[in-house]
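We're numbering straight along the sequence, starting at 1. Values below: all heavy atoms of this structure, side chains included; hydrogens, waters and symmetry mates excluded. Numbering of ligands and ligand atoms starts at 1, following listing order.
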Amino acid sequence: MTTFLIGFMGSGKSTIARQMSADFIDMDAMIVERIGMPIAAFFETQGEAAFRQIEKSVLSELVVSDKVVSTGGGIVISPVNRQILKDAVAKVIYLKSDFDSLYNRISSDTDNVRPIFVNSSRQALEAIFNTRQPLYEEVASQIIDVTDKTPSQIVQEVKEFQA
Ligand SMILES: Nc1ncnc2c1ncn2[C@@H]1O[C@H](COP(=O)(O)OP(=O)(O)OP(=O)(O)O)[C@@H](O)[C@H]1O
Ligand SMILES: O=C(O)C1=C[C@@H](O)[C@@H](O)[C@H](O)C1
Ligand SMILES: [Mg+2]
């Protein structure tokens, strides 16, 4: 059964998926490979709508992957994607945290350029977070509060949900 990790930017989806399984799939990395450029460059040249189309088709393909999948932070924006996640025979695990913790994490994570972060003020980003929060909850089969937990504690909780 596929395990989808969902949540806002910085919630640790990629970090946890990497520690869960050697053959995990990171949707953002898969999209980068497909589009042949960083996500930030694709947003600039093709626009966010084009990115969301590719994200939707990649999500559909991954439902039957049987792998641990770290999704992109914006996966729940699309009603179609939310339906795909609700219909999937899969674990959909929401890594939930408060906005301030997430903001601190993504501000200090200089390895990953996140266009939605770079192009938004803190206030605008918090508004996006508040809009998305109920959408993650709507599609989640399980929720883990990841605030103040180490990656290994979170990995353990995800494994308990998979059992
Ligand atoms: N439980 C944790 N405690 C402390 N720091 C963490 C934890 N999980 C992840 N981090 C750190 O937070 C940053 C963001 O993590 P990560 O890239 O895994 O998030 P993400 O949910 O995949 O974000 P995105 O949606 O942008 O892909 C990284 O610097 C990572 O090392
Ligand atoms: O929250 C978002 O909308 C995004 C999060 C990243 O994972 C990437 O999928 C992309 O930068 C968009
Ligand atoms: Mg990620």
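- The option with the heavy atom closest to atom 8 (N) of ligand 1, from among R105, Q153, K149, is R105.
- Ligand-side atoms of ligand 2 in range of R52: 2 (C), 3 (O), 12 (C), range being under 4.0 angstrom from any heavy atom.
- At a 4.0 Å heavy-atom cut-off, ligand 1 touches K13 through backbone and side chain alike.
- Looking at ligand 1, you'll find an N or O of G12 within less than 3.5 Å of one of its N or O atoms.
- Although no hydrogens or angles enter the test, the distance criterion places no donor-acceptor pair under 3.5 Å between the side chain of R114 and the main chain of I39.
- Between S120 atom OG and L125 atom CG the span is 5.5 Å, to the nearest 0.5 Å.
- For the pair G10 and ligand 1, the shortest N or O to N or O distance falls below 3.5 Å.
- Heavy atoms of V146 come nearer than 4.0 angstrom to ligand 1 in no pair at all.
- Those atoms of ligand 1 with a heavy atom of I154 less than 4.0 angstrom away are 1 (N).
- Taking hydrophobic clusters as Ile, Leu, Val, Met, Phe, Trp and Tyr residues chained together by side-chain heavy-atom distances below 4.5 Å, I144 does not share a cluster with F8.
- Residue T150 has no N or O atom closer than 3.5 Å to an N or O atom of ligand 1.
- Using a 4.0 Å cut-off to heavy atoms of P151, the atoms of ligand 1 that qualify are 1 (N), 2 (C).
- Looking at atom 5 (C) of ligand 2, its nearest protein heavy atom turns out to be G73 N, 3.4 Å.
- If you number the atoms of ligand 2 from 1 as listed, the ones under 4.0 Å from a heavy atom of P115 come out as 11 (O).
- Taking a cut-off of under 4.0 Å to the non-hydrogen atoms of F51, the atoms of ligand 2 that pass are 9 (O).
- Looking only at protein heavy atoms, the nearest one to atom 26 (O) of ligand 1 is R114 NE, 2.5 Å.
- Under the 4.0 Å criterion applied to side-chain N and carboxylate O atoms, K13 and D26 are not assigned as salt-bridge partners.
- Using a distance-only test at 3.5 Å, with no hydrogens or angles considered, a donor-acceptor pair links the side chain of S108 to the main chain of N104.
- Between E55 and R34, none of the side-chain N atoms (NZ, or NE/NH1/NH2) sits under 4.0 Å from a carboxylate O, so this pair counts as no salt bridge.
- Here is the list of ligand 2 atoms found below 4.0 Å of a heavy atom in D28: 6 (C), 7 (O), 8 (C), 9 (O).
- The shortest heavy-atom distance from G7 to ligand 1 is not under 4.0 Å.
- Atoms of ligand 2 lying under 4.0 Å from at least one heavy atom of G72, given by number and element, are 7 (O), 9 (O).
- The atoms of ligand 2 that sit less than 4.0 Å from any heavy atom of M9 are 1 (O), 5 (C).
- The minimum heavy-atom distance linking D28 with G72 is given by the pair OD1-CA, 3.7 Å.
- Of the possible polar contacts, none joining the T3 side chain to the V68 backbone as a donor-acceptor pair under 3.5 Å is found.
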Derivation and outcome, ring-ring contact (aromatic ring centres under 6.0 Å, His included), residues F117 and Y103
CA-CA 9 Å; F117 170 71; Y103 190 84; 5.7 Å; yes

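- Panel note: side chain T2, backbone V63; a donor-acceptor pair is recorded below 3.5 Å.
- If you look at F8 next to ligand 2, there are no close heavy atoms at all, none under 4.0 Å.
- Atoms of ligand 1 lying under 4.0 Å from any heavy atom of T15, numbered from 1 in the order shown and given with element: 9 (C), 15 (O), 16 (P), 18 (O), 30 (C).
- Between R122 and E126, no side-chain nitrogen of the basic residue sits less than 4.0 Å from a carboxylate oxygen of the acidic one, so the salt-bridge criterion is not met.
- A side-chain donor from one of S97 and T147 sits under 3.5 Å from a side-chain acceptor of the other.
- For F8, the heavy-atom gap to ligand 1 drops under 4.0 angstrom.
- Looking at N81, its side chain does come within 3.5 Å of a backbone N or O of I75 through a donor-acceptor pair.
- Taking a cut-off of under 4.0 Å to the non-hydrogen atoms of D28, the atoms of ligand 1 that pass are 27 (O).
- Ligand 2 has a nitrogen or oxygen under 3.5 angstrom from a nitrogen or oxygen of R132.
- Scanning the protein for heavy atoms near atom 4 (C) of ligand 2, the closest one is G74 N, 3.9 Å.
- Distances below 4.0 Å separate heavy atoms of D109 from the following atoms of ligand 1: 13 (C), 14 (C), 28 (C), 29 (O).
- Formation of a donor-acceptor pair under 3.5 Å by the T71 side chain with backbone atoms of L5 is found in this model.
- For the side-chain contact (heavy atoms from CB on, under 4.5 Å) with M9, the lone residue among D109, L102, I116 that qualifies is I116.
- Among the backbone and side-chain atoms of S14, an N/O/S atom is found under 2.8 Å from the Mg ion (ligand 3).
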